[in-house]
Number of protein chains: 2
Amino acid sequence: MSKTAAAEKTAQPVKPAKAAKGSRATGRVTIVDVAAEARVSPMTVSRALKSPELVQQEARDRIAAAIRKLGYVPNQAASTLASARSQVIGVLVPSLTNAVFIETLSGIRDYLSQAGYQFLIGETGYSKEKESRLISTYLAHAPDGFLLSSSDQHDILRRQLAASNIPAVRMFDLGKSNSDMSVGFSQTKAGYAAARHLIERGYRRPAFLAAQLDPRMMKRREGFRKGLSEAGLDPDVEVLLPAPTTVDMGAQLLARVLEIAPDCDAVFCCNDDLALGALFECQRRGIKVPQQMAIAGFNDLSWAACATPSITTIVTPRYDIGYKAAEMLIRQLKGEPVEKARLDLGFELAVREST
Amino acid sequence: MSKTAAAEKTAQPVKPAKAAKGSRATGRVTIVDVAAEARVSPMTVSRALKSPELVQQEARDRIAAAIRKLGYVPNQAASTLASARSQVIGVLVPSLTNAVFIETLSGIRDYLSQAGYQFLIGETGYSKEKESRLISTYLAHAPDGFLLSSSDQHDILRRQLAASNIPAVRMFDLGKSNSDMSVGFSQTKAGYAAARHLIERGYRRPAFLAAQLDPRMMKRREGFRKGLSEAGLDPDVEVLLPAPTTVDMGAQLLARVLEIAPDCDAVFCCNDDLALGALFECQRRGIKVPQQMAIAGFNDLSWAACATPSITTIVTPRYDIGYKAAEMLIRQLKGEPVEKARLDLGFELAVREST
DNA sequence: CTGAAAGCGCTTACAG
DNA sequence: CTGAAAGCGCTTACAG
């Protein structure tokens with residue numbers, strides 16, 4: 001049976017399903033079929049796939065031809081069962097309807113796909129309980145690692161991870177110590193930077209507007225308040241709503257802050273969706289931005305730069321957070337040296353027309 | 001060994017890893033351990049998990065207690081290998097940075113998670129080649145089904161699916177025949193409805209603005225042109241850009257159409273991102289919306305309703321598309337009757353201030 | 001309602 | 001560089 005052109009053309013599986021009564025044969029082409037076709041042992045086929053450098057060139061060629069001829073697709077479940085490695089990473093993000101996390105997922109995907117990993121995506125809805133439940137579910141799939149977004153390591157989660165012995169990297173927030181792996185930036189410093197900017201521009205009565213009050217938002221708030229206090233300004237001009245963020249809520253928050261503090265001259269919104277809603281509300285009321293009201297956002301989503309006026313915002317490295325977190329995790333899994341257990345990617349302030 | 005309170009409290013695995021040299025024991029708690037603890041056979045544990053009604057109540061109780069005591073987590077890979085069913089669905093969407101598809105994923109997740117399925121998400125980047133490649137990758141994970149977003153069934157894809165014998169449901173677009181399962185709405189009719197609305201409002205020189213020229217966009221265009229032609233209006237006022245959609249591009253397209261047709265009095269944007277950008281550009285230029293320029297969008301994303309002015313748009317059932325497509329697929333997998341192989345969920349026109 | 005045997009398709013851990 | 005044997009942890013297909 002030589003490597004004929006005819007054989008090469010056939011891309012379809014040619015294995016007839018076994019007809020034996022009671023047989024469990026799936027009709028699938030297996031590594032055994034490829035081995036027979038290539039006149040080597042199944043073990044050699046396995047090696048040719050995972051560590052080609054251990055296999056003689058000639059054998060490799062015959063195996064490659066056999067794979068093509070038979071249309072062989074490796075069975076990931078069998079591989080996982082035998083090797084106890086699934087090539088799957090569990091990824092948990094707070095929300096999928098938030099563009100921020102989507103871009104982080106893009107970074108994760110770009111790293112993992114080139115590294116040969118798949119991932120399962122879970123949405124925690126900003127809830128620790130849901131996060132724990134998702135981890136339990138995912139454990140059945142024996143993920144090789146986790147990428148998490150929880151802001152602080154609560155006990156249940158810690159115990160689950162310790163019991164399963166599966167490594168995890170936290171994203172967005174930085175861990176307190178180097179014992180946990182984490183990739184992100186300082187939420188507190190970002191909030192502080194926003195305050196400093198508004199103060200330097202001369203605004204004397206800035207407010208903080210926030211929704212979806214997860215721990216990250218509260219850290220941004222903390223930094224913002226610190227900045228105001230240091231400058232001798234009142235840090236208590238703020239409207240906080242626990243409900244999920246929407247553009248429309250930005251409009252509502254702007255309306256509320258004007259009731260509480262009619263002399264408010266600037267708002268720092270904890271994300272760009274709120275900032276956009278606040279801008280729309282100002283337009284509706286005929287309040288000039290930034291002359292009568294400055295608006296700053298957070299994240300630099302697509303519309304911030306091209307709104308009228310363009311919106312000043314904190315540019316966050318969310319794609320890189322996903323990419324680097326995935327890289328850190330995979331390096332750890334491969335036993336490669338991990339440079340830093342705590343990677344601060346920083347942030348930038350984009351100053352635009354709205355402040 | 002009775003069901004003591006002490007035993008119930010222990011949530012941690014208590015199995016000591018086998019010490020035998022050369023052993024492949026993973027230290028994991030298996031169905032065999034649970035069976036020993038509950039004094040039944042492994043087969044009965046398996047049944048208690050998958051078809052409890054086939055197992056005596058008393059045995060079920062003992063098994064449940066043993067599972068809790070030992071901290072047993074089923075091994076999905078072993079289950080997949082033995083049963084040839086993975087409980088995984090492969091989902092392919094054109095883009096993850098588009099809110100439309102994210103909401104569809106929410107619908108998919110809500111149905112699949114309650115049905116006990118996981119899913120792998122792939123991003124095709126609107127490319128048929130990439131879609132084919134992703135399907136090949138996913139085949140290694142032996143998904144039980146696919147949820148696809150490709151607009152038309154190209155040959156390579158058809159062959160792949162036929163060869164693997166894995167059922168698929170197409171989303172967004174409706175299939176031509178009932179032989180393919182599909183869930184969506186008529187893109188052409190939606191474009192036509194937008195044209196009719198603008199015409200009835202009295203606009204005489206409407207333009208079509210589009211980016212990301214995938215087949216769905218072209219169908220919206222087709223319907224829009226049909227509407228204009230029928231009313232005796234010029235259908236050729238349009239700006240089409242193949243590049244991916246951004247808010248900023250909406251501004252650019254608006255600028256371009258004003259060069260081509262200075263008397264243009266309305267624009268139908270093929271999505272809300274473009275509509276938002278067009279609105280910003282009008283504001284920048286001091287063009288009054290809708291008095292001097294009407295703007296209509298597509299999808300009804302979060303900002304459309306609360307922009308200033310609020311934006312008229314086509315409301316699309318994207319969450320339901322995901323939910324219903326998942327439902328159709330799972331019903332098919334379970335051998336339950338599938339009502340319609342082609343499910344038209346329709347759309348609505350939300351008339352707002354911008355037109 | 002329950003169980004013993006065999007097998008799913010790979011990889012590990014040796015041995016050569 | 002290559003291969004025979006055993007095993008990963010489940011479920012199928014019987015048989016009782």
Side-chain angles (χ1 to χ4, degrees), chain A residues 13 15 17-18 20-36 38-63 67 70 72-87 139-142 144, chain B residues 13 15 17-18 20-36 38-63 67 70 72-87 139-142 144:
Chain A
K15 187 187 188 183
K18 281 179 207 157
K21 191 187 147 198
S23 164
R24 292 176 59 187
T26 56
R28 254 184 105 147
V29 177
T30 73
I31 208 170
V32 174
D33 302 312
V34 174
R39 286 165 292 135
V40 293
S41 72
M43 200 45 241
T44 301
V45 176
S46 177
R47 279 198 196 93
L49 258 26
K50 307 285 172 188
S51 320
E53 70 281 5
L54 297 179
V55 177
Q56 205 177 235
Q57 183 62 49
E58 203 189 312
R60 254 149 69 187
D61 292 342
R62 267 180 292 136
I63 290 166
I67 287 173
L70 301 177
Y72 170 68
V73 177
N75 183 321
Q76 182 60 41
S79 172
T80 298
L81 181 58
S83 69
R85 259 175 285 118
S86 63
Q87 302 287 103
L139 285 177
H141 291 263
D144 294 340
Chain B
K15 187 187 188 183
K18 283 179 205 156
K21 190 186 147 197
S23 162
R24 292 177 60 187
T26 56
R28 253 183 106 149
V29 177
T30 74
I31 208 169
V32 173
D33 302 310
V34 174
R39 285 166 292 133
V40 293
S41 73
M43 200 45 240
T44 301
V45 176
S46 178
R47 279 198 194 92
L49 258 25
K50 307 286 171 188
S51 322
E53 70 281 4
L54 297 179
V55 178
Q56 206 177 235
Q57 183 63 51
E58 204 191 311
R60 254 149 70 189
D61 292 342
R62 267 182 291 137
I63 290 167
I67 287 173
L70 302 178
Y72 171 67
V73 177
N75 183 321
Q76 182 60 42
S79 172
T80 299
L81 181 58
S83 69
R85 260 174 283 119
S86 64
Q87 302 286 103
L139 285 177
H141 291 262
D144 293 341

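Chain A is the first sequence line, chain B the second, and so forth, proteins listed ahead of strands; every chain is numbered from 1.
Among all heavy-atom pairs drawn from R28(A) and L139(B), the shortest one is NH2-O, 4.0 Å.
When each of E53(A) and P42(A) is assigned the nucleotide of DNA chain D with its nearest heavy atom, E53(A) is the one assigned upstream, toward the 5' end. Both I31(A) and R47(A) lie close to DNA chain C; mapped to their nearest nucleotides by heavy-atom distance, the more 5′-ward contact belongs to I31(A).
Side-chain atoms of A59(A) lie closest to dT2(D) of the nucleotides dT2(D), dC10(C), dG3(D). Considering only side-chain atoms of A82(A), the nucleotide from dG9(D), dT11(D), dT11(C) that sits closest is dT11(C). Looking at the side chain of M43(A), the nearest of the listed nucleotides dT12(C), dG9(D), dG3(C) is dT12(C).
Between L70(A) and V34(A) there is a side-chain heavy-atom pair separated by less than 4.5 Å.
Among the atoms of the strands shown, only primed sugar atoms or phosphate atoms (P, OP1, OP2) are found under 4.0 Å from some heavy atom of V55(B). If you check every strand for non-hydrogen atoms under 4.0 Å, R60(B) touches nothing. Among the protein residues, E58(A) comes within range of no part of the nucleic acid, since none of its heavy atoms lies under 4.0 Å from any strand. Heavy atoms of Q57(A) sit nowhere under 4.0 angstrom from any nucleic acid atom.
In a base pair of the Watson-Crick type (N1 to N3 plus N6-O4 or O6-N4) or a G-U wobble (N1-O2 and O6-N3), with each distance short of 3.5 Å, dC14(C) is matched with dG3(D).
The CG-P distance, from L81(A) to dT12(C), rounds to 12 Å in whole Å. Between L54(B) atom CG and dG16(D) atom P the separation is 20 Å, expressed in whole Å. N75(B) has its CG atom 11 Å from the P atom of dC8(D), to the nearest Å. With rounding to whole Å, D33(A) atom CG is found 13 Å from dC10(C) atom C1'. Across the protein-nucleic acid pair, Y72(A) atom OH and dG9(C) atom C1' stand 8 Å apart, rounded to whole Å. Across the protein-nucleic acid pair, R62(B) atom CZ and dC1(C) atom P stand 14 Å apart, rounded to whole Å. Rounded to whole angstrom, the span from the CG atom of L49(A) across to the P atom of dT2(D) amounts to 14 Å. Atom CD in Q87(A) sits roughly 16 Å away from atom C1' in dG9(C) (whole-Å rounding).
Annotation: E53(A), atom CD; neighbour count of heavy atoms from other residues, nucleotides and ligands within 6.0 Å is above 12. Around atom CD of Q57(B), more than 12 heavy atoms belonging to other residues, nucleotides or ligands sit under 6.0 Å away.
OP1 or OP2 of dG3(D) has at least one side-chain nitrogen or oxygen of T44(A) nearer than 4.0 Å. Note on Q76(A): every side-chain N or O is 4.0 Å or more away from OP1 and OP2 of dC10(C). Contact annotation: S79(B) side-chain N/O to dT11(D) OP1/OP2 distance is under 4.0 Å. Between dT12(D) and R85(B), a contact under 4.0 Å exists linking OP1 or OP2 to a side-chain N or O. Between S41(B) and dG3(C) there is a side-chain N or O to OP1 or OP2 distance below 4.0 Å.
A side chain to side chain contact (heavy atoms under 4.5 Å, CB included) with Y72(A) is found for exactly one of D33(A), I31(A), I63(A), namely I31(A).
Atom-to-atom distance recorded for N75(A):CG and H141(B):NE2 is 10.0 Å, nearest 0.5 angstrom.
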